[in-house]
Amino acid sequence: MFRVIERFISIDGEGPTSGELAAFIRFEGCNLRCTWCDTAYSWDGSCPHEEQSTEDIYHYIKESGARNVTLTGGEPLLQKDIIPLLDLLSSDRTLHIHIETNGAIDIGQYKDRYPSGNIHFIVDYKLPGSGMQMTMKEKNFEYVGRDDVYKFVIASDNDLRETWRIVNKHELTKRCRVFLSPVVESIEPKRIVEFMISRKWHDIKLQVQVHKVIWPKDMRGV
């Protein structure tokens, strides 16, 4: 059984399918405490939740008619029964699955189990502004493929410079897609654009969170 704190249909606010409808499943629990986290209510077990089985989650997705599915949290890969759920979802090739994972968990076993098909990863890299950079599993740079995303959440000029260093050191744009996501309370998106122009950084993408443009930033279930 899973502790699910939210499940809803909305547009995908970020990632490769941004702007498209998706079914979201938000799991309880996270092993990080990022300074700018916008889902801190999923951390500690204090938020109301529903007990959901693998079959409950799959039935909800199919009843919704969704083709895109986002598994998020918290941290979905902390769920002890996540593999049976992923096995079921991977067997349904009408679904396109994104797993939003926080970069502190080794994704190698999952990439081995689902080497191709409909399960893809959006991996965060926590920069200095998050306070969590020391937890990052840099081995994940070797596991990602062309259908995966590395997302860098940027809160400062220092975060920008560190992103530039990491992406170039690991030749990350040759492995996967790279997105830059601003913490808009801390850095203006135009500053990131200026940095991209100054570095002639043509193979990455700036992405704002569309759902926060449409709805209040603290609104849930959207």
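From a predicted model like this one, the values you see are computed outputs, not experimental measurements.
The structure places CG of L88 at 7.0 Å from OG1 of T54, a figure rounded to the nearest 0.5 Å. Distance check: Q133 CD to I166 CD1 gives 5.5 Å after rounding to the nearest 0.5 Å. To the nearest 0.5 angstrom, E100 atom CD is 6.0 Å from E14 atom CD. Rounding to the nearest 0.5 Å gives a distance of 7.5 Å between NE2 of H98 and CG of D12. In this structure, L180 CG and L160 CG are separated by 7.0 Å, a value rounded to the nearest 0.5 Å.
In this structure, D148 contributes its side chain and H120 its backbone to no donor-acceptor pair below 3.5 Å.
Ring centroid separation for the pair Y143 and Y110 does not come in under the 6.0 Å cut-off.
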Q: Could you please spell out the steps behind the side chain to side chain contact (heavy atoms under 4.5 Å, CB included) verdict for Y60 and I9?
A: CA-CA 10 Å; Y60 173 77; I9 307 299; 3.8 Å; yes

Q: Apply side chain to side chain contact (heavy atoms under 4.5 Å, CB included) to the pair V149 and C176, showing each step before the final yes or no.
A: CA-CA 6 Å; V149 169; C176 66; over 6 Å; no

(Q) Go through it in stages, so that I can follow the logic: the residues are L86 and I99, the test is side chain to side chain contact (heavy atoms under 4.5 Å, CB included), and I'd like the CA-CA distance, side-chain angles, deciding distance and then a yes or no. (A) CA-CA 10 Å; L86 295 182; I99 301 173; 3.8 Å; yes

Q) Run the side chain to side chain contact (heavy atoms under 4.5 Å, CB included) check on Y114 and I83 step by step: do they pass? A) CA-CA 10 Å; Y114 313 105; I83 285 180; 3.9 Å; yes

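Nearest heavy atom pair, residue A104 against residue K137, reads O-CE, 3.3 Å.
Aromatic ring orientation, F195 versus W164: perpendicular (interplanar angle above 60°, classes split at 30° and 60°).
Shown are V193, V153, L206; of these, the side chain to side chain contact (heavy atoms under 4.5 Å, CB included) with P182 is made only by L206.
Following chains of ILVMFWY side-chain contacts shorter than 4.5 Å, one cannot reach F27 starting from I122, and the two form parts of different hydrophobic clusters. A single hydrophobic cluster is seen to contain both V144 and I119, as judged by linkage of ILVMFWY side chains at heavy-atom distances under 4.5 Å, directly or through other members.
A salt bridge does not link D106 with K139: every distance from a Lys NZ or Arg NE/NH1/NH2 to an Asp or Glu carboxylate oxygen is 4.0 Å or more.
For the 3.5 Å distance criterion, the side chains of E51 and H49 qualify, holding a donor opposite an acceptor.
Shown here is K205, whose NZ atom has no more than 12 heavy atoms of other residues, nucleotides or ligands within 6.0 Å. Within a 6.0 Å radius of CZ in R7, more than 12 heavy atoms belonging to other residues, nucleotides or ligands are found.
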